[in-house]
J.: 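Quick one: the structure is below, and I'll ask about it shortly.
For ligands, and for the atoms within them, numbers begin at 1 and follow the listed sequence. All figures in this text were calculated on a predicted structure; none of them were measured in a lab.
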Amino acid sequence: MGYTKTPGWLDWYAGPSKPRFKLPPGSVDAHCHVFGPGDQFPFAPERKYTPCDAGKHQLFALRDHLGFERNVIVQATCHGADNSALLDALRHSDGRAKGVVTVRRSVTDQQLKDMHEAGVRGVRFNFVKRLVDFTPKDELMEIAARIAPLGWHVVIYFEAVDLPQLWDFFTALPTTVVVDHMGRPDVAQPVDGPEFELFVKFMRDHPNVWSKVSCPERLSVTGPPALAGERNAYRDVVPFARRIVETFPDRVLWGTDWPHPNLKNHMPDDGLLVDFIPHIAVTRELQRKLLVDNPMRLYWPEKGG
Ligand code: 0GY
């Protein structure tokens, strides 16, 4: 079956540059997705967008091209709670990919066990309204209680303006909690303004909360090289990501976010995204924690991470 992409859809960037930044050995791309291919792994009927195909072979080729050793593949909302494409990617990764899935309360213990064996280590709860329909919090809390004994964590995706109303739910979660893209701050606001201060407090007061310092291309207002100039690309995001990396060096992760769903005005060259890393993690030690030590501790503890 052929799918028609959402109008205006931007496909992932073909032929990304080789990064100039040399990744530390063993680096992990800790936030990326697979889409389909739709003929093999149909998109979910309840999806809010229809993407281009972006399968496991393309993801693994990007991993090797950029110089990453491993991937953490996060279930994308266009696949709903059907994690088949993600699980297939994990099973073909030679142990070099772990996963974060979306499940409903109907998931069986056997299914959770099978997912664990495939390399799943977390569930994702999404609160971004343009991406998903509302799931009752009691259902999410029930899921969190079931995955906690497996040693899994919860990944949360929300926008900064919604943090106050989600606070009580997030702080009641019984697991490690990983926030996607720093809780999507409005980077036009001051880095020490009330909105981002609340996010910093969220992490400071709750040692179980981690953050991905990913997605400058999504958060930036000043924009990509074509708009801001190569040296200034996404620079308005730097103070936010750098503050989180330097304040919580042992609880940060980084990912490409390939294949970059729902970008509207440009598609980033993933090589240039890697070159952004030394602006937000400025020492070799911070870079090693962000790219190797932290993701290994969370996803591959069996390898001494
Ligand atoms: C991201 C961001 C987005 C989409 C998804 O699962 C998804 O569909 O996460 C977005 O549109 O902001 O992290 O990929």
J.: With hydrogens left out, which residues have an atom under 4.0 Å from ligand 1, given that only heavy atoms count?
T.: His31, His33, Tyr49, Gln75, Ala76, Thr77, Arg124, Arg130, Leu131, Tyr157, His181, Arg184, Arg218, Asp257, Pro261, Asn262
J.: Looking only at atom types and distance, does a side-chain atom of Arg121 sit under 3.5 Å from a main-chain N or O of Gly151, one as donor and one as acceptor?
T.: no
J.: Checking the side chain of His33 only, and the main-chain atoms of Leu86 only, is there a donor and an acceptor separated by less than 3.5 Å?
T.: no
J.: Indicate yes or no for a side-chain donor-acceptor contact from Arg184 to the backbone of Val128 under 3.5 Å, with no hydrogens or angles considered.
T.: no
J.: Should the heavy atoms of other residues, nucleotides or ligands under 6.0 Å from CZ of Arg130 be counted, would the total exceed 12?
T.: yes
J.: For Gly38 and Phe43, work out which heavy atoms get closest and say how close.
T.: CA-CE1, 3.8 Å
J.: Who pairs with Arg297 by salt bridge (charged side-chain N to carboxylate O under 4.0 Å, His left out), at least two apart in sequence or on another chain?
T.: none
